[in-house]
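First comes the structure, then the notes that go with it.
In what follows, chains are A, B, ... by sequence order, proteins preceding strands, each numbered from 1. Computed from heavy atoms alone, side chains included, the values below leave out hydrogens, waters and symmetry copies.
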Protein chains: 2
Amino acid sequence: MVQQPAENCCPAETKPDRKPAQCQHTGQPASERHAAGSGTIRQCPRTTLSLATAGRIAAARKNSHRSTPQYPLRSLDFRGRSRRLPVSETPVMPDETLLLLGIDGGGTTTRALLAAAANPAQILATGFSGPSNQRAVGPLLAMQNLDAAVNAAFEQSGLPRCTVAAACLGLAGADRDSDRGVVLQWASEARLADHVRVVNDAVPLLSAGTGTGFGVALIAGTGSLAWGCNASGDSTRAGGWGWLMGDEGSAWAIGSAVLKAVVCAADGRGPLTALAPAVCEQLQISTASDLVARIYSAEIPRALIAELAPLAFTLAGAEDAVASSIISNAGRDLAVMARTVADRLKLPQQLPLAAAGAVLTQQPALLQAVVQHLSHDQRYCPVVTVVHNAAEGALRLAAELHQQNS
Amino acid sequence: MVQQPAENCCPAETKPDRKPAQCQHTGQPASERHAAGSGTIRQCPRTTLSLATAGRIAAARKNSHRSTPQYPLRSLDFRGRSRRLPVSETPVMPDETLLLLGIDGGGTTTRALLAAAANPAQILATGFSGPSNQRAVGPLLAMQNLDAAVNAAFEQSGLPRCTVAAACLGLAGADRDSDRGVVLQWASEARLADHVRVVNDAVPLLSAGTGTGFGVALIAGTGSLAWGCNASGDSTRAGGWGWLMGDEGSAWAIGSAVLKAVVCAADGRGPLTALAPAVCEQLQISTASDLVARIYSAEIPRALIAELAPLAFTLAGAEDAVASSIISNAGRDLAVMARTVADRLKLPQQLPLAAAGAVLTQQPALLQAVVQHLSHDQRYCPVVTVVHNAAEGALRLAAELHQQNS
C-alpha cells in the first residue's frame, strides 16, 4: 500500500523556499508543485531552441581551415581487434565564434547540444543519435553514436563540423577510467574540443537540476542510479548495477514485479489483481498460463517486461492494491538509494534532488512515492527538480570548463 | 534470519509414523531423520543397478524381427521447417521378455531406466543424455536427447533397441498438449513402446516419493515448481514460471539474491556480509565494483549467477546473517508454493512431500527451511521423501500403464 506522508515533514524553520523558481539556464519561471505533504517538485522547462546567434557564427563557415586528420585512427574493440574509430571532418572555428558541446548519452539515445561560448544558455542546435553506453552496445557503436549526435547538432545549426572550445560528455557506462579513456581517445582523434571532460551521466543531471551541483541526482528509466556530490566535492553513488543485480525502481524492475504479481495470482500464491487481464491484453495472450511461451519466445524479453511498467501506474491510479504496492515499493527502493547517498555525504535536510529518467519524470506517482519515503521520518525534506534534458547540465559544465581554461 | 521451528508442530495424534521406512521399489530401508522440530525427512536410496535378469532377456536378442520403419519421419521444428525426427532401430522383443522404460528429462540431463515388465523394481540399465526440455532447447534437440538416452540404456543392458511394452516419460517443459504431442509423435515414429504416457516431470517424482502418488512434489534445481495430486485425482501446480518470472527458491533465485546482497552492501544500502569477499573470490575479481564488467560480459550470466548459490549455504552455516536470511527466504518461497498446492487440493496435515532438484536434495538447510516454514503454524506436518532419481517414479508409472493394458 502507498504509505501516507507525514503531515508536516519539514519543521517551519527549514521549509523550502516557496518563491517561484527560475530555470538557471533560461531565467524562465519553472513550474512548481508541492508533492503530497512533503518536499517540493519543480519542473525545469526545456530550454527552447534558438538560432538567433547562428547567423553571426555561420559566417565563420568559410574560415574553417583544419582538414580531417590523416593519421590512422584505430582503437581496440571488446575482442581486442583493431578497429578504425568513427571520426568526422573537424575544421576549427576561429576564436571569435568559439562553441561549446554538452552531450548526454544513455542506453537508448544520445543528445548533443551546441551553444556559443559567449552565451551558453542559448542552445544553437540539438543532435540526436542512438545509444552511447559502452556497457550496453560496446565501445565502437557507442563512439559512432557520439560522433553521429555531434554531426547532427552541427548539421541542424548550419555550421560546419569543427573543434569546439570545450565539451562535456555525461555518459551512462562511463564510470571507470578505462571507459572514459575510450571516449577521450575518440574525442582526441575526432578533434572534438580543445578541452574535454567525460563524466558519468548523473553529474550533468545534478548540475542541471540543482544549479549548485550539490545534492542527489536520481535516475529511473531503463536502469536506475543515485549519485550525489556535497559542497566539499566528495561524491558517491548507489545503485546502477544493471538489470541482473538491481536497477530497483526502473521500468525493468516495475515490469518484472508486475509479471511476478500476475503469476502469483494465477497460482493462488498472491492476491487477485487487475494487472492480470491488463498484462494478457498487452501481450495478446488468453490467460496467464500462456505467459511462459510468450515471454521466453520474445527476442528481447527484457524490453517486453519493461514495457509492462505503465500498467502498474494506470492500475495504481485505479486503486488496484497490488499495483499500488508495486509503485510504493519502487519508490521506496529509489528513496533508499537517494538516502544512502545523502547520508554518506552528510547532505542537508532540505535535500536538493534532481530527478531524471523516463519513468521518474513521466510518472508523477513514482516521484511522489520517492518523496514520501524520503521524508517519512523527517530526516530529509527533498527539494526536487525534474530534469527533462540533462544535456543542458553537460553544456553548463562545458561552459565552466571553458572559463577555467580561458 | 532463520526462523526457529515450533517446538511441537504436530499434535500427538497426528505425528507421522516413526517406523523405519522402506523404499517402495526395492524394499530396502530408507534412511530417515526428523527435520529440526517439524516433519519427517526420508532419503530414498537409489535402486542399485542389477543385470541379474539380463542374461535371460539377452537371449531374445536373436529373435528381434522388426526393422527400422521405412516411412519418412518428419516433423516441424520451432521455425516451421520440416526436420527428420531422430529415430533409432526399433526391433520388437518377444512377449516373454517384455520391457519397460521410465524416463526423467529436465533442462540439464535426461535419464532413461530399463526394466523387465515382470520385475519393474529391478533396474536393468540406465542411459543418460543431454537436456530434453523442449522449452529450453527446442523440440528437435529434446527428441534427439530422448532417443540418445533410450539408446544408451539399451546399450548398457546389452540388449538390442526394441519396442518396449510401456514407457512413461516425465519431462520438464511438457505441460501443454502441444508439447506432449511432439513427444508422442516421436515415440510413435520411433516405435518406442506399445503404450506411452507423457507427463510433466513432477508426476513421476510424486510417484517415486510418496508411493501413493498423492501429495506435493517440490522441485528446486535449475528452476522451481510445486505440483500436487489428491486422492480424487485432482491436480494443480504453483511456480514453474522460469527465471524471468520467479523460479523462487532455485539456484538462480538464491544466486541472484546473493549478488543483490553484495551490491547493496557495497553501496551501503544493506548490511555488510561475508558473501562479498566470497563472491569476489569465486568470480576472480578484486572488488564488488568489478561486478558489472564481470557479470555482463559473461556469455551465460544466468549460469554464473546460479553458481553463486552454494556460497549462501556455506556462509549461512558460518552464521552470516545475510546468507542465513537468503536461505530462509528461499525456503519460505518454496513453502508458499507447496502450501498453495496443498491448500487447493485439501491435502492432509501429514502432508506427503516429495523433494527433488539439485538444490533441494543437496542442501539440507534449504529443505529444513521449507519444512520449518510449512509447519510453523501447525497447518501442515510434512512427511518428506528426498528423491534422487525421479526416473524410478516414471518406471513405476510405466509398470502401472502396462498392467492396465495387459
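- Shortest non-hydrogen contact noted between Tyr296(A) and Leu244(B) is OH-N, 2.9 Å.
- Annotation: residues 273-290 of chain A contacts chain B through Ala288(A), Ser289(A), Asp290(A) [non-hydrogen atoms, separation under 4.5 Å].
- Proximity to chain A is absent for every atom of Ala257(B), based on heavy atoms less than 4.5 angstrom apart.
- Few gaps surround CG on Asp377(B); more than 12 heavy atoms of other groups in view lie less than 6.0 Å from it.
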Donor-acceptor pairs under 3.5 angstrom involving side-chain atoms of residues 261-268 of chain B: please list them, not counting sequence neighbours.
{"from": "Asp267(B)", "atom 1": "OD1", "to": "Trp241(A)", "atom 2": "NE1", "distance (Å)": "3.3"}
{"from": "Asp267(B)", "atom 1": "OD2", "to": "Gly239(A)", "atom 2": "N", "distance (Å)": "2.6"}
{"from": "Asp267(B)", "atom 1": "OD2", "to": "Trp241(A)", "atom 2": "NE1", "distance (Å)": "3.1"}
{"from": "Asp267(B)", "atom 1": "OD2", "to": "Arg269(B)", "atom 2": "NE", "distance (Å)": "3.0"}
{"from": "Asp267(B)", "atom 1": "OD2", "to": "Arg269(B)", "atom 2": "NH2", "distance (Å)": "2.9"}

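- Per-residue heavy-atom pair counts under 4.5 Å with chain A were compared for Val341(B), Leu291(B), Asp343(B), Thr236(B), and the maximum is reached by Leu291(B).
- Of all the listed residues (Glu248(A), Arg237(A), Arg302(A)), the one sharing the greatest number of non-hydrogen pairs under 4.5 Å with chain B is Glu248(A).
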